[in-house]
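The next block holds one structure in the form of structure tokens; read it before the comments.
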Amino acid sequence: MNLYNETPELRHHLNHPLMKRIVELKERNYADKDKYDYAPIDFEDAMDSYDKVLEIIGEICGEIIATNAEGVDHEGPTVADGRVTYAPGTSENLDACRKAGLMGIAMPRRYNGLNFPNVPYMMAADMVSAADAGFENLWGLQDCAETIYEFASEKQKQKYITRVCNGETMSMNLTEPDAGSDLQSVMLKATYSEADGCWYLNGVKRFITNGDADIHLVLARSEEGTKDGRGLSMFIYDKKNGGVTVRRIENKMGIKGSPTCELVYKNAKAELCGDRKLGLIKYVMALMNGARLGIAAQSVGLSQAAYNEALAYAKDRKQFGKAIIEFPAVYDMLALMKAKLDASRSLLYETTRFVDIYKALDDISKERKLTPEERQEQKRFAKLADSFTPLAKGMGSEFANQNTYDAIQIHGGSGFMKDYACERLYRDARITSIYEGTTQLQVVASIRYVTTGAYLARMQEYEAMPVAPELEELKNRLKEMASKYTMAVTQVTEAKDQELLDFTARRLVEMASHIIMGHLLVQDASVCDLFATSAQVYVRYAEAEVEKHINFIRKFDKDNLEYYRK
């Protein structure tokens with residue numbers, strides 16, 4: 001089984017017209033071809049390389065990672081003497097990825113990476129998550145190397161990124177027992193020793209994914225006497241130096257193959273990453289944006305796996321003399337599952353393309369001065385990426401939860417049993433709407449793009465794009481939804497009541513998301529028949545959701561808040 005070949009939607013997104021610009025920026029006019037024999041010589045060569053590597057990843061996911069998933073879920077990692085031992089299946093997965101050169105694939109070639117854009121990298125994460133979402137939490141943390149690449153010194157880049165590309169694992173150590181989402185409350189102490197010329201870390205971190213990794217990014221309080229985010233800095237901890245032990249592994253509902261650890265730092269030697277005092281204000285924000293994109297990909301992978309399991313079972317299971325897929329109650333659920341899957345995937349890759357362009361231009365700006373046109377392009381795509389990332393993470397994770405729920409429902413009583421994979425998928429999906437910022441925090445990050453009109457402006461750009469003649473009616477229905485959305489936004493903002501805005505924020509953001517995802521599916525369906533059904537189903541679903549939220553907001557004012565406060 002090859003997950004890439006069996007998911008043709010991935011090739012559709014890989015071949016989006018914007019990839020031409022992305023590859024052009026990423027490859028710097030293909031300058032690496034003279035230094036590295038595996039570097040592409042032109043756009044077609046680059047795309048062929050992405051396609052071939054994704055095929056390799058698809059095979060590893062289908063033949064190894066997916067095969068090991070159930071065993072890993074049952075066995076899980078263990079801890080003894082302060083060190084973690086992975087489940088045998090996890091070790092086999094990592095070994096396969098290392099041998100295939102799939103660690104650090106988004107890093108530049110000078111550090112032994114493949115220099116892939118984020119689009120194929122997220123496709124790899126999408127497939128790894130469909131095979132085993134818990135393993136994605138280990139493999140996907142190679143993305144922490146991006147923070148080192150963006151903010152560390154050249155010496156640190158050479159030292160650490162090369163090791164990641166050669167197969168070492170990473171973790172980001174942010175959360176503490178008294179600092180969950182409120183990271184400005186972090187108190188792990190960083191002390192500089194003049195005598196030793198280095199930093200030492202002391203304290204406790206909790207809920208750390210892959211906490212016994214080889215290389216850690218650590219948020220710590222470097223400025224004595226401070227209590228807010230301005231006193232925090234980012235550090236790199238190397239496991240080879242010792243000083244950090246695993247106190248325990250959390251006993252979790254899902255993603256059991258991924259060790260979630262409580263760590264104790266005792267005079268752990270560390271290196272400052274970037275500048276002091278910018279740990280939370282700048283570096284964690286960049287780190288979290290990357291992580292949120294990763295969770296969006298994990299969510300899409302889980303939705304895909306849930307849909308696959310539900311579809312296969314519905315075709316095979318017979319009741320009352322026929323396969324249950326023939327019953328309207330079942331094929332209605334399956335059609336909506338597929339529509340939600342396709343919509344969240346389209347949003348994921350639209351967001352990722354935005355990220356690729358602005359990050360490539362940002363990287364180029366460190367080598368030379370950008371032209372005025374490039375600066376404008378960088379600014380435009382950075383804004384789009386910032387506005388779309390919380391939508392992709394928030395909606396993608398909610399859809400993953402809904403799709404895994406429905407997969408169990410289609411299985412009936414069998415879905416409640418551990419004999420079927422959908423039970424594991426349901427448990428694995430639950431965390432996606434919690435970690436790396438809850439859905440509620442994604443709403444907080446998104447609402448300003450509602451009130452400033454940024455989402456509406458993007459909807460209008462989609463409205464101006466051509467679609468297939470048979471899809472004009474769907475686009476017109478999306479325009480009507482945008483008109484209703486605009487009225488709802490106006491009603492709330494004109495009240496000039498912050499509490500009312502906060503209370504209705506989720507509904508406003510969901511409306512924007514549904515309309516945007518509807519447009520993306522209509523665009524996809526205009527060029528590829530794979531999305532024809534999902535476009536029809538999703539737009540109808542979006543209409544019902546928008547109408548529901550419109551009716552709630554239309555009949556609501558700040559006086560109604562009293563009922564909810566009680």
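From a predicted model like this one, the values you see are computed outputs, not experimental measurements.
- When each of Val443, Thr439, Ile447 is paired with Arg506, the side-chain contact (heavy atoms from CB on, under 4.5 Å) condition holds for Val443 and for no other.
- For the side chain to side chain donor-acceptor pair (under 3.5 Å) with Asp73, the lone residue among Arg424, Arg427, Lys256 that qualifies is Arg427.
- There is a side-chain donor-acceptor pair under 3.5 Å between Tyr4 and Asp51.
- Asp212 places a side-chain N or O within donor-acceptor distance of the main-chain N or O of Val84, the cut-off being under 3.5 Å.
- A salt bridge links Glu545 with Lys548: the distance from a Lys NZ or Arg NE/NH1/NH2 to an Asp or Glu carboxylate oxygen falls below 4.0 Å.
- A donor-acceptor contact shorter than 3.5 Å links the side chain of Lys205 to the backbone of Leu174.
- In terms of modelled atom types and a separation under 3.5 Å, the side chain of Asn15 and the main chain of Arg11 share a donor-acceptor contact.
- Nearest heavy atom pair, residue Ser534 against residue Leu521, reads O-CD1, 3.8 Å.
- More than 12 non-hydrogen atoms from other residues, nucleotides or ligands lie less than 6.0 angstrom from CE of Met285.
- When each of Asp238, Asp214, Asn112, Thr169 is paired with Arg163, the side chain to side chain donor-acceptor pair (under 3.5 Å) condition holds for Asp238 and for no other.
- Going from atom OG1 of Thr351 over to atom CG of Asp386 covers 11.0 Å, rounded to the nearest 0.5 Å.
- Phe235 places none of its side-chain heavy atoms less than 4.5 Å from the side chain of His216.
- For the pair Ser414 and Tyr420, the tightest heavy-atom approach, listed with the atom from each and the gap, is O-CD1, 3.3 Å.
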task = Apply the test side chain to side chain contact (heavy atoms under 4.5 Å, CB included) to residues Tyr160 and Glu168: give CA-CA distance (whole Å), side-chain angles for both, the deciding distance (0.1 Å), then the verdict.
result = CA-CA 9 Å; Tyr160 293 110; Glu168 294 194 28; over 6 Å; no
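- At a cut-off of 3.5 Å, with distance as the only test, no side-chain donor of Gln402 or Asp406 sits close to an acceptor on the other residue.
- Considering all non-hydrogen atoms of both residues, Met170 and Asn210 come closest at O-ND2, 3.3 Å.
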task = Take Phe207 and Tyr435 through the test ring pair (Phe, Tyr, Trp, His ring centres under 6.0 Å) and record every step on the way to the result.
result = CA-CA 10 Å; Phe207 296 151; Tyr435 62 6; over 10 Å; no
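- Residues Met47 and Leu14 form a side-chain contact, since some pair of their non-hydrogen atoms from C-beta on lies under 4.5 Å apart.
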task = Apply the test side chain to side chain contact (heavy atoms under 4.5 Å, CB included) to residues Ile215 and Ile236: give CA-CA distance (whole Å), side-chain angles for both, the deciding distance (0.1 Å), then the verdict.
result = CA-CA 7 Å; Ile215 303 163; Ile236 305 171; 3.9 Å; yes
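- With no hydrogens or angles considered, no side-chain donor-acceptor pair links Asp132 and Asn93 at under 3.5 Å.
- The number of heavy atoms from other shown groups lying within 6.0 Å of CZ (Phe552) is above 12.
- In this structure, Lys322 satisfies the cation-pi test against Phe327, with its NZ or CZ atom closer than 6.0 Å to the six-membered ring centre and inside 45 degrees of the ring normal.
- For the pair Glu543/Met481, a side-chain contact is recorded, criterion being any heavy-atom separation below 4.5 Å from C-beta on.
- With hydrogens and angles disregarded, no donor-acceptor distance shorter than 3.5 Å links the side chain of Arg292 to the backbone of Lys393.
- In the displayed structure, Glu92 atom CD is contacted under 6.0 Å by more than 12 heavy atoms of other residues, nucleotides or ligands.
- When all heavy atoms of Ile65 and Ala131 are compared, the pair lying nearest together is CG2-CB, 3.7 Å.
- In this structure, Glu176 does not pair ionically with Arg206, as no charged nitrogen and carboxylate oxygen lie closer than 4.0 Å.
- Side-chain N or O atoms of Tyr237 include one that pairs as donor or acceptor with a backbone N or O of Gly242 at under 3.5 Å.
- Using a distance-only test at 3.5 Å, with no hydrogens or angles considered, a donor-acceptor pair links the side chain of Asn403 to the main chain of Met337.
- Under the 4.0 Å criterion applied to side-chain N and carboxylate O atoms, Glu55 and Lys52 are not assigned as salt-bridge partners.
- Side chain of Gln142 to backbone of Trp139: a donor-acceptor contact under 3.5 angstrom is found.
- Salt bridge Arg345/Asp524: absent, no basic N to carboxylate O contact under 4.0 Å.
- Judged purely by atom type and a 3.5 angstrom limit, Asn166 uses its side chain to pair as donor or acceptor with the backbone of Thr162.
- Here the side chain of Glu136 pairs no donor or acceptor atom with the backbone of Val128 at under 3.5 angstrom.
- Summarising the local packing, OH of Tyr405 is surrounded by 12 or fewer heavy atoms from other residues, nucleotides or ligands at distances under 6.0 Å.
- Ring-plane geometry between Tyr455 and Tyr449 is classed as tilted, the angle between the planes lying from 30 to 60 degrees on a 0 to 90 degree scale.
- Under a 3.5 Å cut-off, the side chain of Asn2 and the backbone N or O of Asn5 do form a donor-acceptor pair.
- Considering only heavy atoms from C-beta on, Pro259 stays 4.5 Å or farther from Val79 through its side chain.
- For the atom pair Leu219 CG and Gln184 CD, the distance stands at 11.0 Å (nearest 0.5 Å).
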ask   = Taking it one step at a time, do Asn173 and Tyr265 satisfy side-chain hydrogen bond (donor to acceptor under 3.5 Å, both in side chains)?
value = CA-CA 11 Å; Asn173 300 184; Tyr265 284 75; 2.4 Å; yes
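- His13 and Phe531 have their aromatic ring centers within a separation under 6.0 angstrom.
- Side-chain contact between Met234 and Leu217 is present, with heavy atoms from C-beta onward closer than 4.5 Å.
- Contact check for Phe399 versus Leu341: no side-chain heavy atoms found under the 4.5 Å cut-off.
- Between Val537 and Leu336, some side-chain heavy-atom pair lies under the 4.5 Å cut-off.
- Glu6 CD to Asn308 CG: the interatomic distance, rounded to the nearest 0.5 Å, is 8.0 Å.
- Heavy-atom minimum distance, Ile22 versus Val119: CD1-CG2, 4.4 Å.
- Between Tyr313 and His411, the ring planes are parallel. Angles under 30° get that label, and only those over 60° would be called perpendicular.
- Between Glu262 and Arg248, at least one side-chain nitrogen of the basic residue sits less than 4.0 Å from a carboxylate oxygen of the acidic one, meeting the salt-bridge criterion.
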Chi angles and distances behind the side chain to side chain contact (heavy atoms under 4.5 Å, CB included) call for Met127, Leu54 = CA-CA 9 Å; Met127 289 188 286; Leu54 287 170; 3.8 Å; yes
task = Test His514 against Met395 for side chain to side chain contact (heavy atoms under 4.5 Å, CB included), laying out the working first.
result = CA-CA 9 Å; His514 290 311; Met395 296 302 291; 3.7 Å; yes
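- Here the rule is side chain to side chain donor-acceptor pair (under 3.5 Å) with Gln298, and of Asn137, Thr432, Asp126 only Asn137 fits it.
- In terms of heavy-atom proximity, Cys61 sits nearest to Leu3 at CB-CD1, 3.7 Å.
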